[in-house]
Trainee: 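Structure incoming, see below.
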Amino acid sequence: MRPLAVTQFLGLISLTVAMDNGLLKTPPMGWMAWERFRCDVDCHDDPENCISEDLFRDMADRLVEDGWRELGYEYVIIDDCWMSKLRDEQGRLQPEPTRFPGGIAKLARYIHDRGLKLGIYADMGTLTCMGFPGTTLDKIEIDAQTFATWGVDYLKFDGCYSNPVEQMLGYPLMSKALNATGRLMAYSCSWPAYLGGLPPEVNYTLLGDICHLWRNYDDIQDSWDSVQGIIDWFSNNQDHLQPAAGPGRWNDPDMLIIGNFGLSVDQAHSQMALWAIMAAPLIMSNDLRNLDNRARAILQNKVVIAINQDPLGIQGRRLLQERNRIEVYWRPLSQSASTLVFLSRRTDMPYLYHTSLAKLNYEAGNYEAYDVFTGSTVTGLNATTEIVLSINPSGVVMWYIYPEQSKQTETLHYQHKKTSRFTFL
Ligand code: GLA
């Protein structure tokens with residue numbers, strides 16, 4: 001072990017803050033195939049849903065025509081199961097020809113022509129998680145080069161079928177190899193998820209230097225249990241995770257599953273709200289061709305998107321876990337604003353929760369709050385005003401809070417209106 005550890009260390013020193021290339025100053029937004037479409041390769045019996053160039057073209061069309069792109073959803077990301085089982089004669093990865101007859105470069109052009117960006121999946125190891133060709137250490141350069149040649153804009157680099165020593169070498173090497181191509185590519189690392197997600201196994205400072213985002217924890221599934229498990233893990237470990245995030249370096253609690261089968265409307269509000277608190281990537285995995293209007297409204301809510309994309313890029317935290325099973329989350333935002341999310345973990349009925357801004361660490365002063373999912377504004381709040389909220393079971397109330405308009409704060413408030421990506425009532 002010793003000599004290897006030294007080599008690794010030297011290898012890392014030679015990296016110059018590899019991924020500080022100006023990309024992803026706010027969390028990425030887009031669409032990814034995995035959670036909804038998995039490894040469906042059966043284009044004969046399931047042509048609409050199989051992993052094929054048609055699926056990605058369909059989703060790109062929807063992103064453009066249904067208003068997603070204008071809201072910031074710009075990445076179309078291919079996940080596992082796009083590859084042929086064999087590399088080509090030159091050792092390059094190639095797409096499975098019957099499902100991607102036009103090749104990835106052509107798909108990239110289609111996506112770029114529509115003002116979108118293309119993401120792709122590879123795996124640091126001997127095989128991808130679903131058994132397609134992996135990127136072993138000797139293949140890192142050629143794969144980075146292939147992706148650049150195709151016009152790829154984002155790489156999700158998974159970690160199945162490799163050990164921690166190989167990962168320690170491979171993830172930084174891929175960062176360097178992507179940089180060396182000269183093409184700007186966002187780099188998403190699954191590394192921490194394979195190391196248990198926490199220090200000392202995971203070095204979040206190093207990770208922030210080499211990756212733009214990283215998966216810390218288990219895969220999301222189409223259920224409220226799964227969403228709750230993720231929220232709990234990220235909150236229980238927030239002292240390690242929260243300081244690691246910032247512009248160009250994001251924790252990734254995994255895809256948004258809103259619009260699928262597992263969440264109620266309230267639970268969908270909760271996922272969206274908590275992903276905004278966590279400054280998480282807003283990467284949907286759903287069927288944009290068949291989305292009901294309520295799911296669409298939640299995913300397209302401009303205020304929650306603006307909160308998620310706040311330019312300060314400070315990840316939020318869980319402030320309180322009450323014995324009555326209400327939890328309070330908080331995230332500071334630019335221009336003296338902040339957001340509060342009140343999440344009910346109850347399973348009985350809407351709960352009347354009493355609190356005040358002072359109890360939630362707010363300083364004396366006058367505030368206004370915009371209720372993100374109802375669109376109403378609460379005025380005349382000061383820190384000690386008693387607040388009573390009705391929170392649905394497994395739902396949230398989400399407030400965007402800012403200093404009240406007054407002579408002193410008029411300019412600030414005006415700036416809010418002018419610079420925010422949404423308009424107040
Ligand atoms: C892992 C990842 C998932 C997905 C699958 C594909 O489980 O965590 O997000 O990419 O592999 O096989």
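Numbering of ligands and ligand atoms starts at 1, following listing order.
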Trainee: Given ring pair (Phe, Tyr, Trp, His ring centres under 6.0 Å), test Y402 with Y367 step by step and report yes or no.
Mentor: CA-CA 6 Å; Y402 47 93; Y367 297 91; 9.1 Å; no
Trainee: When you check the gap from the basic side-chain N to the acidic O, do R99 and D54 get nearer than 4.0 Å?
Mentor: no
Trainee: Any ion pair linking D209 and R249 (charged N to carboxylate O, less than 4.0 Å)?
Mentor: yes
Trainee: Which protein non-hydrogen atom lies closest to atom 9 (O) of ligand 1, naming both residue and atom, and how far is it?
Mentor: K156 NZ, 2.8 Å
Trainee: Could you tell me whether a side-chain N or O of N237 sits under 3.5 Å from a main-chain N or O of W233, the two making a donor and an acceptor?
Mentor: yes
Trainee: Find all atoms of ligand 1 within a distance of less than 4.0 Å from any non-hydrogen atom belonging to C129, and give their numbers and elements.
Mentor: 1 (C), 11 (O), 12 (O)
Trainee: Run the numbers for me: atoms of ligand 1, each under 4.0 Å from some heavy atom of R215, listed by number.
Mentor: 8 (O), 9 (O)
Trainee: Just to confirm my output: which protein heavy-atom neighbour is closest to atom 10 (O) of ligand 1, and how far is it?
Mentor: D79 OD1, 2.6 Å
Trainee: Nearest protein heavy-atom contact for atom 5 (C) of ligand 1: which residue, which atom, what distance?
Mentor: W34 CE2, 3.6 Å
Trainee: When you check the gap from the basic side-chain N to the acidic O, do K139 and D143 get nearer than 4.0 Å?
Mentor: no
Trainee: Specify the protein heavy atom at minimum distance from atom 7 (O) of ligand 1: its residue, its atom name, and the distance to 0.1 Å.
Mentor: D219 OD2, 2.6 Å
Trainee: Tell me whether the guanidinium CZ or amine NZ of R69 lies under 6.0 angstrom from the six-membered ring centre of Y73 and within 45° of its axis.
Mentor: no
Trainee: I need the atoms of ligand 1 closer than 4.0 Å to a non-hydrogen atom of Y121, numbered in the order shown.
Mentor: 6 (C), 10 (O), 11 (O), 12 (O)
Trainee: Please indicate whether any nitrogen or oxygen in D80 is less than 3.5 Å from any nitrogen or oxygen in ligand 1.
Mentor: yes
Trainee: Apply the test side chain to side chain donor-acceptor pair (under 3.5 Å) to residues E327 and Y329: give CA-CA distance (whole Å), side-chain angles for both, the deciding distance (0.1 Å), then the verdict.
Mentor: CA-CA 7 Å; E327 295 171 358; Y329 295 81; 2.7 Å; yes
Trainee: Which residue owns the protein heavy atom closest to atom 2 (C) of ligand 1, what's the atom, and how far is it?
Mentor: D158 OD2, 3.2 Å
